[in-house]
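The block underneath contains the structure these notes are about, expressed in structure tokens.
Lettering follows sequence order; numbering is per chain, from 1. None of the values given here were measured: they were computed from a predicted structure.
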There are 2 protein chains.
Amino acid sequence: MLTVTSVNVNGIRAAAKKGFSPWLAGSDADVVCLQEVRAEEEQIPLEVRKPEGWHTVFAPAAAKGRAGVALYTRREPERVQVGFGSAEFDASGRYLEADLPGVTVASLYLPSGEAGTEKQDEKYRFMEAFLPYLVGLKERAAADGREVVVCGDWNICHREADLKNWRTNRKSAGFLPEEREWLGRVYAEAGYVDVVRALHPDTEGPYSWWSYRGRAFDNDAGWRIDLQVATPGLADRAVKAWVERAETHPERWSDHAPVTVVYGLGAV
Amino acid sequence: MLTVTSVNVNGIRAAAKKGFSPWLAGSDADVVCLQEVRAEEEQIPLEVRKPEGWHTVFAPAAAKGRAGVALYTRREPERVQVGFGSAEFDASGRYLEADLPGVTVASLYLPSGEAGTEKQDEKYRFMEAFLPYLVGLKERAAADGREVVVCGDWNICHREADLKNWRTNRKSAGFLPEEREWLGRVYAEAGYVDVVRALHPDTEGPYSWWSYRGRAFDNDAGWRIDLQVATPGLADRAVKAWVERAETHPERWSDHAPVTVVYGLGAV
DNA sequence: CCTTCCAAG
DNA sequence: CTTGTAAGG
């Protein structure tokens with residue numbers, strides 16, 4: 001069994017003050033992918049930076065207090081890679097990849113964008129550079145007999161079932177037609193699988209992010225933007241997937257909730 | 001009797017969340033002078049901006065979130081004046097004056113300075129402009145049969161007894177020779193009286209400010225920089241003066257403590 | 001160390 | 001609404 005959890009921590013230092021460590025201690029995951037760490041390694045409290053029993057690797061952004069991804073693994077990775085070969089994005093704390101026996105796991109934090117602004121252009125540039133990388137990653141992995149899962153905050157909802165207020169958000173970043181189409185190409189062209197949706201084809205959500213504004217969380221006005229996007233060989237072995245909403249995760253140490261998938265693989 | 005309290009609130013919005021209103025409700029003062037309000041009037045919660053039974057007047061700084069002084073009076077002032085006729089400082093939220101029957105009360109927030117920097121030059125420019133104003137204020141008040149008290153955060157200690165660590169602070173802003181000498185001129189040349197010191201000539205302190213850093217408050221490593229500086233006719237009528245340190249003011253909703261003087265005057 | 005600001009989300 | 005940063009104190 002390989003259990004993988006992905007969560008956008010919205011500032012690991014803030015999360016550390018609100019219960020990240022007890023949550024991690026209670027986690028059964030073999031791999032935890034973090035996004036929006038928003039800190040350099042030295043700024044992170046030691047018990048969070050190097051918790052007992054975990055190997056941790058961080059890819060902070062060059063800009064202080066921004067983005068930043070990390071991977072926590074129970075076994076030491078065979079190989080670690082920061083970025084995906086993009087001059088613009090490799091120092092932006094948005095992509096970190098590690099090889100474990102038979103599987104490559106990545107932590108991705110795709111830019112959130114803002115419709116009609118330069119931020120949205122940046123998001124599109126990231127998407128444009130990242131899709132070919134995903135294609136090549138899958139090809140190299142196949143040649144190597146490996147599987148791949150790219151976990152993280154993709155900041156895009158593919159379908160209406162992926163966000164509660166899809167009608168009012170058709171012109172919002174995260175649910176723009178161009179973004180939805182691009183995510184469709186990750187599945188149809190690059191051949192990856194949205195694992196949680198594959199296991200829960202007929203549910204609304206499960207959402208993984210609720211804005212701190214208004215009563216979004218209480219009203220479950222959420223978005224399913226935190227995904228595990230895997231090669232079909234791995235996705236086919238997914239046996240269970242869930243999002244830790246309030247019931248199981250009442251501390252709410254982030255505006256995102258952890259997304260966990262159990263894959264029927266030998267332990268890595 | 002006229003009871004006057006002066007306190008640097010270090011952000012009235014923060015103070016409001018930590019107990020300013022109950023403190024004010026329990027105050028016997030007729031006049032409360034505030035410094036470092038750090039807000040525009042509209043940003044202040046209504047119960048703090050216009051508390052039942054008080055007239056309030058604010059002099060915010062042009063720069064958002066900086067400085068700002070206020071006067072709370074039980075009777076409506078006969079006249080209010082923002083600034084002291086200085087092009088450089090009148091919009092800096094550092095001086096506010098009000099006439100009550102027979103007495104002029106001012107709230108002053110003198111720049112804190114920083115030794116060897118432009119901030120210190122600004123402090124000296126303020127001091128240079130303010131001393132002649134104090135002289136004129138006293139003369140006009142005398143011609144008018146009025147008394148004067150200038151309350152506030154003067155950001156200067158006059159004597160060694162005014163700060164616990166005077167030895168280590170001889171090169172620190174607030175206890176520089178030039179600053180001490182200037183405050184001496186407020187007393188000796190302009191003819192004002194440091195009311196709390198006059199009533200407590202032989203005590204260390206009483207301090208009114210303790211840095212939030214380290215254990216300054218617990219160690220009582222304080223500075224007596226919050227003063228009531230009055231004309232002799234008023235100072236002579238001071239019957240009681242105290243600083244509300246932890247015992248009487250345990251909430252600590254500011255890094256400064258309120259300084260109160262009771263003057264033996266008819267109620268204003 | 002604390003309180004504002006601002007940019008970002 | 002919350003996280004960081006930075007300046008100011």
Discussion item. Looking at C:dC5, I'd like to know if its phosphate oxygens (OP1 or OP2) sit under 4.0 Å from a side-chain N or O belonging to B:R13.
Written reply: yes
From CG of A:N10 across to C1' of C:dA7 the rounded distance in Å is 14 Å
Can you tell me if A:K119 touches the phosphate of C:dG9, counting only side-chain N or O atoms and a distance under 4.0 Å to OP1 or OP2?
yes
Walking DNA chain D from its 5' end, the first of A:R215 and A:Q43 to be reached, judged by nearest nucleotide, is A:R215
Q.
Need one value for A:E40: base, sugar-phosphate or nothing, where a base atom within 4.0 Å counts as base even if backbone is also close, heavy atoms only.
A. nothing
Numerically ordered, the residues 61-70 of chain B set in heavy-atom contact under 4.0 Å with DNA chain D is B:R66
For this session: Determine the interplanar angle of the A:F20 and A:Y72 rings, folded into 0 to 90°, and report it as parallel if under 30°, tilted if 30 to 60°, perpendicular if over 60°.
Result: perpendicular
Closest to the side chain of B:Y109, out of C:dG9, D:dG9, D:dT5, is D:dG9
Practice item. Output yes when at least one side-chain N/O atom of A:K17 is less than 4.0 Å from OP1 or OP2 of D:dT3, else no. Key: no
Taking the six-membered ring for Trp, are A:F126 and A:F84 ring centroids under 6.0 Å apart?
-> yes
The complete set of side chain to side chain donor-acceptor pair (under 3.5 Å) pairs with one or both residues in residues 220-229 of chain A, sequence neighbours excluded, reads A:D162-A:R224, A:D194-A:R224, A:S208-A:D226, A:W210-A:D220, A:D220-A:R245, A:D226-A:H256, A:Q228-A:Y263
Mind checking if A:E36 touches a base, just sugar-phosphate, or nothing, with heavy atoms under 4.0 Å? sugar-phosphate
Please determine whether any donor N or O and acceptor N or O are separated by less than 3.5 Å between the side chain of B:R213 and the base of D:dG9.
yes
